[in-house]
Amino acid sequence: MLRLIGVKKTFNPGTVNEKKALLGIDLTLNEGDFVTVIGGNGAGKSTMLNAIAGVWPIDEGEIIIDGINVTRLPEYRRAKYLGRVFQDPMTGTAASMQIEENLALASRRGLRRTLKSGINSAERERYKDKLKILDLGLEERLTAKVGLLSGGQRQALTLLMATLKKPKLLLLDEHTAALDPKTAAKVLDATDKIIARDNLTAIMITHNMKDAITHGNRLIMMHEGRIIYDVSGEEKKSLKVSDLLEKFEQVSGGEFANDRMMLA
Amino acid sequence: MDIRLLFNALPGACAQGLIWGIMAIGVYITYQILDLADLTVDGTMCTGGAVCVMMMLSGHSLPVSLLCAFAAGMLAGLATGLFHTAMGIPAILSGILTQLGLYSVNLRIMGGKANQAINVSNYPLLVSLRYIRDVPFYKNAIFVVIIFALLITAVLYWFFGTELGCAIRATGSNPNMSRAQGINTNVNKIIGLMLSNGIVALASALLAQYQGFVDINMGRGAIVIGLAAVIIGQVLIGKLAHNFASKLLAVVAGAIIYYIVILNPNDLKLLSALVVAVFLAIPELKNRYFNRAPKKGGGGNA
């Protein structure tokens, strides 16, 4: 479903701020794979997702989604194949627009925006049903401005928007990191449900190692712009947090022990 | 101020305020919906009138002239849009560049003269300051411009409810989210700028007819008046305006209030400066006294 071949990216090349963010990423995802990604700060996790989403062009390599080479497509054209949820709850929704308008925007992802009405009554009923899955009472507030919602509600709404039109690949960039533990659990639960229901292929970045182990069927660990550990199936199921920590200390020489991941 | 003077000048101020209100609707599209400060309007506020007057002087009909004025405004918006998106120049600077260039373009449109007059007795003008009193109501400048403003409001209300219109609103509200939802933010910004400047050019065409001439300087400071109208409308009547159409009408009302307040033209510069000061202070005052949920989201990169 997704193939990354030798993807490289350097920010601010040739300056004092030069940062080699991705040093050749090779990754192949099969249909239905749900991959969790862990790694310390600056390991290149978000950079990898942004490369796939096309936020900026990559320096080298190829990105292929379901047989379509998207390496040179701009962000808004790749959006057709991708569902995205961001770390910052403010990023995924339009605050000055209504809940139903946000959903209507998302349901037209990848389609031409014409002079037809932006939202119709049949859609509204459908959105109501979809919002019920989130169990946040949003189905009664279709015309409320999204800016009035809490971070958790906005994140749940973004998740719904990302999956409203079935994406070929769902990209979750630490989408529960900014939420309180209770809300985070709720959003994560909804994520699991939707991925299982629609049999989605997904990549989820997380700082919580326990989440990384309990969710998904495959786990990859990144360090300094490379994938250093890739585990799936039974082997992944038997992983423990201590195994991951040990793995990390091996590659980073112990520096990882004081990273915020420890707390998870 | 002599109260009789006020009453005498009131209808004229209303008509002029209404025309500037249409112009302010254009400013509202860029400033509020697209979240861009577009300074092109200072130039477009002359271009529309120049095109309309010159075409009518050369024998074209009123509707064709108005349509061409609208198209000319859209072209100016397109120029600013391309400066901003294709060439990556900041929006404010793009607007200033177009505005500067338009000065020469406007002079050329007006045949190299700094102003051109058009006489309402010889040409079938839509509005004129002579049609304020003692004319049948359908010829009254105030009535005609009100109809015009309502028509534009209705069309915009429809447009911003369409898929395309929603995409433009999303672009202004949160560009990151918009691109993630497959919206080409650059194209939408250009469409918004074109629409905005088209409307400003229409207002310019109306103003030129109303005052009976077009002048190279008639657009000077237009952005300030437009912003003032938007702000006055929001502060004074914004509470009553809940849907999009009534928000646009509040902007028009803001422009009328502005023109009634500055009945004495000698006070213009002082009042304009004060309005700008208030306008600059509003975000701060709003935060201090009305602690409401933030209106705009998005911003920072993922």
Side-chain angles (χ1 to χ4, degrees), chain A residues 46 49-50 53-56 74-98 100-119 143-150 154 158 161-162 164-165 171 173-175, chain B residues 28-29 31-35 85-86 88 155-192 195 234 238 241-244 247 286 290-302:
Chain A
S46 292
L49 286 206
N50 286 339
V55 177
W56 20 250
E75 186 179 4
Y76 73 92
R77 291 199 38 206
R78 292 188 206 187
K80 190 173 172 181
Y81 314 113
L82 301 172
R84 289 162 72 193
V85 187
F86 311 87
Q87 179 172 1
D88 179 357
M90 302 298 149
T91 310
T93 46
S96 61
M97 297 174 79
Q98 299 167 355
E100 59 177 27
E101 287 175 331
N102 271 274
L103 287 164
L105 282 169
S107 75
R108 287 162 178 76
R109 189 175 61 231
L111 302 176
R112 261 182 70 92
R113 318 257 166 179
T114 65
L115 291 180
K116 273 187 290 195
S117 177
I119 182 166
T143 56
K145 293 266 159 72
V146 171
L148 300 171
L149 305 184
S150 70
R154 284 179 77 162
T158 311
M161 285 164 65
L164 199 55
K165 202 159 174 290
L171 303 176
D173 188 355
E174 286 191 61
H175 66 308
Chain B
Y28 182 90
I29 292 175
Y31 179 68
Q32 285 288 338
I33 298 179
L34 271 183
D35 201 18
T85 59
V155 170
L156 288 180
Y157 182 71
W158 163 78
F159 177 74
F160 282 106
T162 63
E163 292 174 343
L164 182 63
C166 283
I168 293 175
R169 283 160 58 208
T171 299
S173 180
N174 186 345
N176 283 319
M177 167 267 190
S178 302
R179 281 189 292 271
Q181 298 301 345
I183 293 168
N184 186 343
T185 47
N186 282 348
V187 164
N188 279 295
K189 277 183 192 168
I190 293 177
I191 296 174
L195 186 62
Q234 265 175 5
H242 292 297
N243 70 21
F244 183 70
K247 277 180 190 156
K286 242 184 173 173
F290 307 94
N291 211 355
R292 279 179 297 186
K295 191 168 159 277
K296 300 267 177 190
N301 281 311

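Letters A, B, ... mirror the listed sequences (proteins, then strands); counts begin at 1. Scope of the values below: all heavy atoms of this structure, side chains included, with no hydrogens, waters or symmetry mates.
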Seminar exercise, completed: Closest heavy-atom pair, Met161(A) versus Leu103(A), reported as atoms and distance to 0.1 Å, is CG-CD2, 3.8 Å

Problem set entry | Interchain contact, Glu101(A) with chain B, by part (heavy-atom threshold 4.5 Å) | side chain

Problem set entry | Sorted by number, residues from residues 183-190 of chain B in contact with chain A (heavy atoms, under 4.5 Å) | Ile183(B), Asn184(B)

Exercise. Taking all non-hydrogen atoms of both residues, which atom of Phe86(A) and which atom of Ala180(B) are closest, and how far apart?
Worked result: CZ-CB, 3.8 Å

Seminar exercise, completed: chain B shares the most heavy-atom pairs under 4.5 Å, among Arg78(A), Arg109(A), Lys80(A), Arg77(A), with Arg109(A)

Problem set entry | Distance-only donor-acceptor check, side chains Asp173(A) and Ser46(A), under 3.5 Å | yes

Exercise. Which of the residues Leu115(A), Leu105(A), Thr158(A) is involved in the greatest number of heavy-atom pairs with chain B at under 4.5 angstrom?
Worked result: Leu115(A)

Exercise. At a heavy-atom separation under 4.5 Å, does Lys145(A) approach chain B through its side chain, its backbone, both, or neither?
Worked result: side chain

Problem set entry | Minimal non-hydrogen separation, Ala167(B) against Arg113(A), with atom names | CB-CD, 3.9 Å

For this session: Find the distance between OG (Ser173(B)) and CD (Gln32(B)) and round it off to the nearest 0.5 Å.
Result: 11.5 Å

Exercise. Just wondering, are more than 12 heavy atoms of other shown residues or ligands nearer than 6.0 Å to OH in Tyr157(B)?
Worked result: no

Problem set entry | Nearest non-hydrogen partners of Gly172(B) and Asp35(B), listed with the distance | O-CB, 3.7 Å

For this session: Please confirm whether the backbone N or O of Ala104(A) pairs with a side-chain atom of Arg108(A), one donor and one acceptor, at under 3.5 Å?
Result: yes

Exercise. Between Ala79(A), Gly118(A), Ala53(A), which residue shows the highest count of heavy-atom pairs closer than 4.5 Å to chain B?
Worked result: Gly118(A)

Exercise. Non-hydrogen atoms of chain A under 4.5 Å away: do they reach the side chain of Phe160(B), the backbone, both or neither?
Worked result: neither

Problem set entry | Side chains of Glu163(B) and Thr114(A), donor plus acceptor under 3.5 Å | yes

